[in-house]
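Hydrogens, waters and symmetry mates play no part in the numbers below; they use all other heavy atoms, side chains included. As the structure is a prediction and not an experimental result, all values here were calculated from the model. Just follow the structure's listing: the first ligand is 1, and inside any ligand the first atom is 1.
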Amino acid sequence: MLIMHLRREIFTVAPDWQKMAALGTLEELPLEYRQSLTRLNLLPLWPSLRNFLPHGKPIRNTAPVVWRYDDIRPLLLRAGELTPIEKAERRVLVLANPGLGLENARATPTIYLGMQLILPGETAPNHRHTPSAIRFAVEGTGAYTVVEGEKLPMERGDLILTPPQLWHEHGHEGQGPVVWLDALDLPLIHDIEASYCIDGTSQPIANRPDASQTAYRRAGLLPYTALDRVKRDFPLLRFPWTEVRAALGDFAGTVGPGEPVRLAYVNPETGAECLPTLGFSALMLRPGEEIAPVRRSASTIFHVIEGSGESTVDGTSLAWSEADTFATPTHAEIRIRNGSSDAAAYLFAVDDAPMQRRLGLYEEFADA
Ligand code: 1HN
């Protein structure tokens, strides 16, 4: 549920003394005092208070940055030659935000992104882990993911959920390379020292293939047995792009010009986001259209499914085309423009709004 938090700012006028008093610095403290603190594992708060708690807006190190698929693809295919799958488990190049330190492997403070390559006949072994993950198919055909015994095809633009602690493994029965985008809440789960995995043997394919997609095929229709039982956390595991694309096209006919044509991927039993920490949506930009989504406290990444165009993120201009991916920080001012005057563009978005909602701090701002 989207809750607007447009607060009337009636308590924000700072008293004069607060504005004038610069806080004390570390250097002002005698060396011997600082050393005593350090010896006892103590730290004075006031020199770093403004860093922990800046006024008005968070400090954002996340760079608005684009990763071009044309740059990634040859290097990923080369990884396919350099590193056999047994030596990689998952053959992935991580999309690391330079503003957050490349070695920290995060696209935004909460979102991990990687491009994964699987070659014909390869498998990526079965495991389950605490971070939540999704796969968004980028290129190729014939790959699949098995989640809790359910075999899910991965065709271009399909969204596959691998929810926290559920068994999952991948394989490729087709021809040519297959590439998908992985998105995980790994940065958060790792930072709270809660990230780990358990390896398993390959899952028997127990259910009918793609059963969840069949059972929840159409919004507004649920398996009858869903009415009188506790709602399931992850009833639907695959969202086929052919269906999402068609839904966006029809929905566009009901949305005024300049208003974002955007559909959220949700749990069909509850209508809530489909994973506990990350949110997923698909956007359509009509020919020549430019949109300015409302400014939000969440960080978001956008992946281009089809088309090309340009975005402005806090004043930084980012050009993008098919299969490119770009990152936007929390609280960012974002404009997205379709560069084509005769074809629609389609974007897939991943954001951390669900985790912010759970923490009670998600906000939308009326100033955009
Ligand atoms: C993972 O489980 C996969 O299952 C890919 O394909 C990337 C990155 C970090 C942690 C777990 C996968 C991952 C990952």
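- For L227, the side-chain contact (heavy atoms from CB on, under 4.5 Å) partners are Y224, not counting sequence neighbours.
- Side chains of R135 and L181 form no contact here, defined as non-hydrogen atoms less than 4.5 Å apart.
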Between ligand 1 and the protein, find all N/O pairs closer than 3.5 Å and give the distance for each.
{"from": "ligand 1", "atom 1": "2 (O)", "to": "H127", "atom 2": "NE2", "distance (Å)": "2.7"}
{"from": "ligand 1", "atom 1": "2 (O)", "to": "H129", "atom 2": "NE2", "distance (Å)": "2.7"}
{"from": "ligand 1", "atom 1": "2 (O)", "to": "H168", "atom 2": "NE2", "distance (Å)": "3.4"}
{"from": "ligand 1", "atom 1": "4 (O)", "to": "R90", "atom 2": "NE", "distance (Å)": "3.0"}
{"from": "ligand 1", "atom 1": "4 (O)", "to": "R90", "atom 2": "NH2", "distance (Å)": "3.1"}
{"from": "ligand 1", "atom 1": "4 (O)", "to": "H127", "atom 2": "NE2", "distance (Å)": "3.4"}
{"from": "ligand 1", "atom 1": "4 (O)", "to": "R135", "atom 2": "NH2", "distance (Å)": "3.2"}
{"from": "ligand 1", "atom 1": "4 (O)", "to": "H168", "atom 2": "NE2", "distance (Å)": "3.0"}
{"from": "ligand 1", "atom 1": "4 (O)", "to": "H170", "atom 2": "NE2", "distance (Å)": "3.3"}
{"from": "ligand 1", "atom 1": "6 (O)", "to": "R90", "atom 2": "NE", "distance (Å)": "3.1"}
{"from": "ligand 1", "atom 1": "6 (O)", "to": "Q116", "atom 2": "NE2", "distance (Å)": "3.0"}
{"from": "ligand 1", "atom 1": "6 (O)", "to": "R135", "atom 2": "NH1", "distance (Å)": "3.2"}
{"from": "ligand 1", "atom 1": "6 (O)", "to": "H170", "atom 2": "NE2", "distance (Å)": "2.6"}

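- Interatomic distance, CG of D352 versus CD1 of I301, reported as 11.0 Å (0.5 Å rounding).
- Cluster membership for Y346 and M154, using ILVMFWY side-chain heavy atoms within less than 4.5 angstrom, is shared.
- You'll find the side chain of I198 reaches within 4.5 Å of the side chain of W167, heavy atoms only.
- Of the N and O atoms on the side chains of S340 and N338, not one donor lies less than 3.5 Å from an acceptor on the other residue.
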